[in-house]
Enquirer: 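Just dropping this structure here.
Just the heavy atoms: all of them, side chains too, but no hydrogens, waters or symmetry mates, feed the values below. Letters A, B, ... are given to chains in the order of the sequence lines, protein chains preceding strands, and every chain is numbered from 1.
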Number of protein chains: 2
Amino acid sequence: MGNTVGEFRKKLKIADIKGGPDEGLNRVGQTVVVMGWVRTLRVQSSVTFLEVNDGSSLSNMQCVMNSDAEGYDQVESGLIATGASIWVQGTLVASQGSKQKVELKVEKVVVVGKSDPSYPIQKKRVSREFLRTKAHLRPRTNTFGAVARVRNALAYATHKFFQENGFVWISSPIITASDCEGAGEQFCVTTLIPSSREAADSPVDAIPNTKNGLIDWSQDFFGKPAFLTVSGQLNAETYATALSDVYTFGPTFRAENSNTSRHLAEFWMIEPELAFADLDDDMACATAYLQYVVRHVLDNCKEDMEFFNTWIEKGVIDRLNDVAEKDFVQLTYTDAIGLLLKAKKKFEFPVKWGCDLQSEHERYITEEAFKGCPEIKAFYMRQNDDGKTVAAMDMLVPRVGELIGGSQREERLDYLENRLDELKLSKESYWWYLDLRRYGSVPHAGFGLGFERLVQFATGIENIRDAIPFPRAPGSAEF
Amino acid sequence: MGNTVGEFRKKLKIADIKGGPDEGLNRVGQTVVVMGWVRTLRVQSSVTFLEVNDGSSLSNMQCVMNSDAEGYDQVESGLIATGASIWVQGTLVASQGSKQKVELKVEKVVVVGKSDPSYPIQKKRVSREFLRTKAHLRPRTNTFGAVARVRNALAYATHKFFQENGFVWISSPIITASDCEGAGEQFCVTTLIPSSREAADSPVDAIPNTKNGLIDWSQDFFGKPAFLTVSGQLNAETYATALSDVYTFGPTFRAENSNTSRHLAEFWMIEPELAFADLDDDMACATAYLQYVVRHVLDNCKEDMEFFNTWIEKGVIDRLNDVAEKDFVQLTYTDAIGLLLKAKKKFEFPVKWGCDLQSEHERYITEEAFKGCPEIKAFYMRQNDDGKTVAAMDMLVPRVGELIGGSQREERLDYLENRLDELKLSKESYWWYLDLRRYGSVPHAGFGLGFERLVQFATGIENIRDAIPFPRAPGSAEF
């Protein structure tokens, strides 16, 4: 096909043809061209059925071909097979099948790229574990195509929500030599080790060192140790205290050695930060945000959501409708503990006031009771007047548990400095963060949301490694 | 103010008040509240003028205060000063000044957060070099507030353009253990070095090593050397050959030791990838994209663009209008060389067919001649039938030079394998990339655009370190 393929670009995608309210019936009689990949092939004596998918929608174009169609010999020679890419031209006709309103009566077919018989995604069902080893091909399956489209819709809805509400998108830095972040294990970023091609055979003693055998960071790219960010919050605060309302949406990292279905070493975070705002504003924002993106997916990804509802988690659509329409229950930490203490359920981790809520507790609250609760946490959280709790909140949702964690930030310089002292954190390292409290400090609040958790929540997909195209986990950074 | 600040959230921002077509005149007589930061303060005998900015727009709210306003004592005591955050309530009145249509007649003012007299951004002009050392405060200046808003508009327009054209946003991985990328110096990502707090005092011999003194990568987080990505293109290709049209928008990295005004170690890239597409489709997409985002900024950031046009680069608005409205000139590499050979200009790097175009050549073509040209480049570019050139293009624009680089990808398995052999690259490392050519390969094309270059192009800002909130460069990863 080569360079003649240019003229194809003006053609419609399958979603354009079949995606309208009458599912393509308005186009019956038109000559259309479809370009995509063969999902299945069914050869009968008089007629051949091809299911072609171009990724624009879950549903395929059913192509019906008689032996007099131009290019039919490619069926006989085996060139047209599962996984092959093809160009098909035909007339759109009403379908007699129950699965679609229209189908394509093929006039001409051309194999653009054949598929080697070793193609690993044949019609038979393949496990999601197996597909993780084929991350470059899994988007060609129903499940991962649908996950990609819903993930995309959630991302776009995220931008739309914040933009429509006057927030400014900020790119917080990925590499940071600031040791302000503290929380969690960090990846070191360095050029002291030779770049990719030679790295595998690098001698340890080639790493620059000082006279007393320490790593000589002055020779590293940034002149000191640098790490991958675990959160853009502190940086977002600097922009919130200038532009009022901002949000980040970018990758963050944890070098935690946990090989679970809930953790990734690399994941995307959404972190809005609101100036002149308190915890109530923060909760109102989190609620409005979540309801907006859920509604967007329900409205714009109907076919994919039906698929998840049937094959991945029965009831996921009802669950999302509940979130989009019902009020969230706000529950103080104390009330949450009270609820758990009264529960007729035996928990593995015993409950008492002051304890961190465990997954089993969160699940009880959201699935058997309802939702909402603050905890006792990070240095930047605003101290409440009781002197023992902070203005923090978690938004718990069924199935995923904690989806959003947020807080009002400590805007009072003296309180913040005391807190750093208490935690033995260096005030010098936080000079710029403290400056925000020195010059025109304002009450402000924000939250963080792990984007892949949101994808899990919206699709019902169980393992977080299936919620991102190329998951990174201990021992695993292929592709 | 503390927790009572919640009720403030319902209030309007300055952009809401003054941003309409009649610049606020429709609200004259209304009581409004403004919350923001004091930019300047002018105390006259009978009246005090405060310029307050909340970051929602370039322009401030001029607040006019008589000595009988509630809270006026905070002017006398010096609490209300440049940099302080305030809450002001008053009546909107028509302004007698020429710089704004409306101003606020203050009834009540409250200092939310005072500003220490050491506040480094006083009214006097400060250099952009100095402001880079205050990256946490510089968004409070006119220039960096405007850059942040235009950057935001460009990002949102990017998503809008691709979403409206049926592209799916893909997050390509940031950490990669695949050594497919090759191009450019990479940062190593490792947990063999202790995390942040202890890193500074790490002995070299604590790094795990094998018997023969090599770094023991089996003990690293990913079990082998891992790096920060230099491009998401190869990953995007995997999704394009499943979903047809996709794009990435995420951070990428170069560990190049170049301390210039054109390079960053960490920058954001936009990389669309189109299936069933050739180089013409690619150029058409790049042109449509650029014209769309430029038009979006001209339409939505009028005030900020006027600011850039006046203070940063005279003529930037005309330049952008040209790009949005005029056709791009397409020029083959051979014609570009011809043009340079005929030029009545002496170049530092001599020109002949086969050479790479240098910045001076690019500048000549875009600023003195016009634009467009393919070069001889990476392994994945599709070989032309002449056997010596590839189907690649650069989009050159005035001031920035190369803004977009793109190509049709080599979709033919045998050509690609030969090319890897020629370049002595390992076919085993590229197994998954080659798979895309093994199973239903399609002609496809894409391009890459450095987002900070686009910000420079749109704003006229000279140094790329001023086009991103927290720039990373050799020796510099503060904040």
Side-chain angles (χ1 to χ4, degrees), chain A residues 3 5-6 9 35 37 54-55 83-85 113 115-116 119 136 139-140 152 155-156 163 168-169 173-174 177 179 186-191 193 195-196 199 202-204 207 209 213 215 222-223 225-226 238-239 242-244 251 255 276 278 280-281 432 438-443 470 475 477, chain B residues 3 5-6 9 35 37 54-55 83-85 113 115-116 119 136 139-140 152 155-156 163 168-169 173-174 177 179 185-189 191 193 195-196 199 202-204 207 209 213 215 222-223 225-226 238-239 242-244 251 255 276 278 280-281 432 438-443 470 475 477:
Chain A
N3 278 320
V5 96
R9 294 297 303 167
M35 289 169 287
W37 292 266
D54 67 4
S85 52
S115 182
D116 191 90
Y119 187 55
H136 60 309
R140 302 184 188 187
N152 172 65
Y156 190 46
Q163 296 287 336
V168 174
W169 174 72
I174 311 300
D179 51 335
Q186 288 182 284
F187 288 101
C188 182
V189 174
T190 180
T191 54
I193 293 167
S195 79
S196 55
S202 257
V204 167
I207 294 173
N209 55 78
I215 296 172
F222 297 108
T238 70
Y239 270 69
L243 305 179
S244 293
F276 297 99
D278 63 13
D280 286 334
D281 298 313
W432 54 271
R438 213 166 260 134
Y439 308 118
S441 187
V442 297
F470 301 96
Chain B
N3 278 320
V5 94
R9 293 296 303 167
M35 288 169 286
W37 291 266
D54 66 4
S85 53
S115 182
D116 191 89
Y119 186 57
H136 60 309
R140 300 185 189 188
N152 172 65
Y156 189 46
Q163 297 287 335
V168 174
W169 174 71
I174 311 300
D179 51 336
E185 296 287 319
Q186 288 183 283
F187 288 102
C188 181
V189 174
T191 53
I193 293 166
S195 81
S196 54
S202 257
V204 168
I207 294 173
N209 56 78
I215 296 172
F222 296 107
T238 69
Y239 270 70
L243 304 179
S244 293
F276 297 99
D278 63 15
D280 287 335
D281 298 314
W432 54 271
R438 212 166 261 135
Y439 308 119
S441 188
V442 296
F470 302 95

Enquirer: Given the options B:G83, B:A155, B:C188, which has more heavy-atom pairs under 4.5 Å with chain A than any of the others?
Expert: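 With the most close heavy-atom pairs to chain A, the winner is B:C188.
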Enquirer: Would you mind telling me which of B:P203, B:G113, B:A242 has the largest number of heavy-atom pairs within less than 4.5 Å of chain A?
Expert: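 Ranked by contacts with chain A, first place is B:A242.
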Enquirer: Which residues pass the ring-ring contact (aromatic ring centres under 6.0 Å, His included) test with B:Y156, not counting sequence neighbours?
Expert: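 If we apply the ring-ring contact (aromatic ring centres under 6.0 Å, His included) test to B:Y156, skipping adjacent residues, there are no hits.
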Enquirer: Donor-acceptor pair, B:W37 side chain versus B:R140 backbone, under 3.5 Å?
Expert: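 Such a contact is absent between B:W37 side chain and B:R140 backbone.
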Enquirer: Would you mind telling me which of A:G223, A:S202, A:G213 has the largest number of heavy-atom pairs within less than 4.5 Å of chain B?
Expert: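 Maximum pair count with chain B is reached by A:S202.
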Enquirer: Side chains of B:V204 and A:I215: closer than 4.5 Å at any heavy-atom pair?
Expert: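 Side chain of B:V204 against side chain of A:I215, heavy atoms only: contact under 4.5 Å found.
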Enquirer: Do B:S244 and A:D54 touch side chain to side chain, with heavy atoms closer than 4.5 Å?
Expert: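 Yes. Closest side-chain heavy atoms under 4.5 Å.
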Enquirer: Give the member of A:G440, A:G55, A:A226 that has the highest number of heavy-atom pairs under 4.5 Å with chain B.
Expert: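 Looking at each option in turn, the highest pair count goes to A:G440.
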Enquirer: For chain A, which of B:L243, B:I207, B:N209 has the most heavy-atom pairs under 4.5 Å?
Expert: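 Heavy-atom pairs under 4.5 Å are most numerous for B:L243.
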Enquirer: Please look at B:A84 and chain A and tell me whether the side chain, the backbone, both or neither of the residue comes under 4.5 angstrom of a heavy atom of that chain.
Expert: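 Backbone only.
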Enquirer: According to side chain to side chain contact (heavy atoms under 4.5 Å, CB included), who are the partners of B:N152, at least two apart in sequence or on a separate chain?
Expert: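 Per chain and number, B:N152 pairs via side chain to side chain contact (heavy atoms under 4.5 Å, CB included) with A:Q163, A:V168, A:W169.
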